[in-house]
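Everything numeric in this text was worked out from a predicted model, so none of it was measured.
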Amino acid sequence: MTQHIAKALVTSANLKQQIRTACHPDDPQLLKRYINLALDSANTAGASSEKIRILLDCAALLLETACDKKVVLSWRYQCLDQIYRPLLAAEKQSITAGDHHRVRQFSHLFTHLTPTFFN
């Protein structure tokens, strides 16, 4: 593993933890950095299935955080507002029927979970 990849993995893990626990709910740049890292990682990934996995993992973290009622409401809304970025990228990167299916499944989950936690 190259030093660049190892550093990116550590950065990603730190960002994930900070986002999930809303360590800095007044810092929307935190979300943008994490999403941009996921988008960059997906762009450099080889197989389309790996690209989709990276992007849906990013969207899943945002959705999980948005639906967590223990997290500050403003942060939950910020996560919800940004979830379109990895989801749209996943739709664009989908090549195979399996890729399309995984993205549709996540979109369906997103559509049904969100109203439950924001009503």
Heavy-atom side-chain contact between [X] and [Y] under 4.5 Å:
{"X": "Gln17", "Y": "Cys23", "value": "no"}
{"X": "Leu30", "Y": "Trp75", "value": "yes"}
{"X": "Asp99", "Y": "Gln93", "value": "no"}
{"X": "Asp27", "Y": "Lys32", "value": "no"}
{"X": "Arg85", "Y": "Asn36", "value": "yes"}
{"X": "His24", "Y": "Gln29", "value": "no"}

Could you tell me whether a side-chain N or O of Gln82 sits under 3.5 Å from a main-chain N or O of Leu31, the two making a donor and an acceptor?
no
Do the ring planes of Phe110 and Phe106 sit parallel (below 30°), tilted (30 to 60°) or perpendicular (above 60°)?
parallel
Distance-minimising heavy-atom pair for [X] and [Y]:
{"X": "Glu64", "Y": "Arg20", "value": "OE2-NE, 3.1 Å"}
{"X": "Gly46", "Y": "Lys51", "value": "O-CE, 3.6 Å"}
{"X": "Ala38", "Y": "Leu55", "value": "O-CD2, 4.2 Å"}
{"X": "Leu39", "Y": "Ala89", "value": "CD2-CB, 3.5 Å"}
{"X": "Cys58", "Y": "Ile35", "value": "SG-CG1, 4.0 Å"}
{"X": "Ala22", "Y": "Val71", "value": "CB-CG1, 3.7 Å"}

Does atom NE2 of His101 have more than 12 heavy-atom neighbours from other groups under 6.0 Å away?
no
Is there a path of hydrophobic side-chain contacts, each under 4.5 Å between heavy atoms of I, L, V, M, F, W or Y residues, that connects Leu63 with Leu88?
no
Side chain to side chain contact (heavy atoms under 4.5 Å, CB included) evaluation trace for Arg76 with Lys69
CA-CA 8 Å; Arg76 293 172 61 206; Lys69 292 186 177 190; 4.0 Å; yes
Residue of the set Leu61, Asp68, Leu62 for which side chain to side chain contact (heavy atoms under 4.5 Å, CB included) holds with Cys79:
Leu62
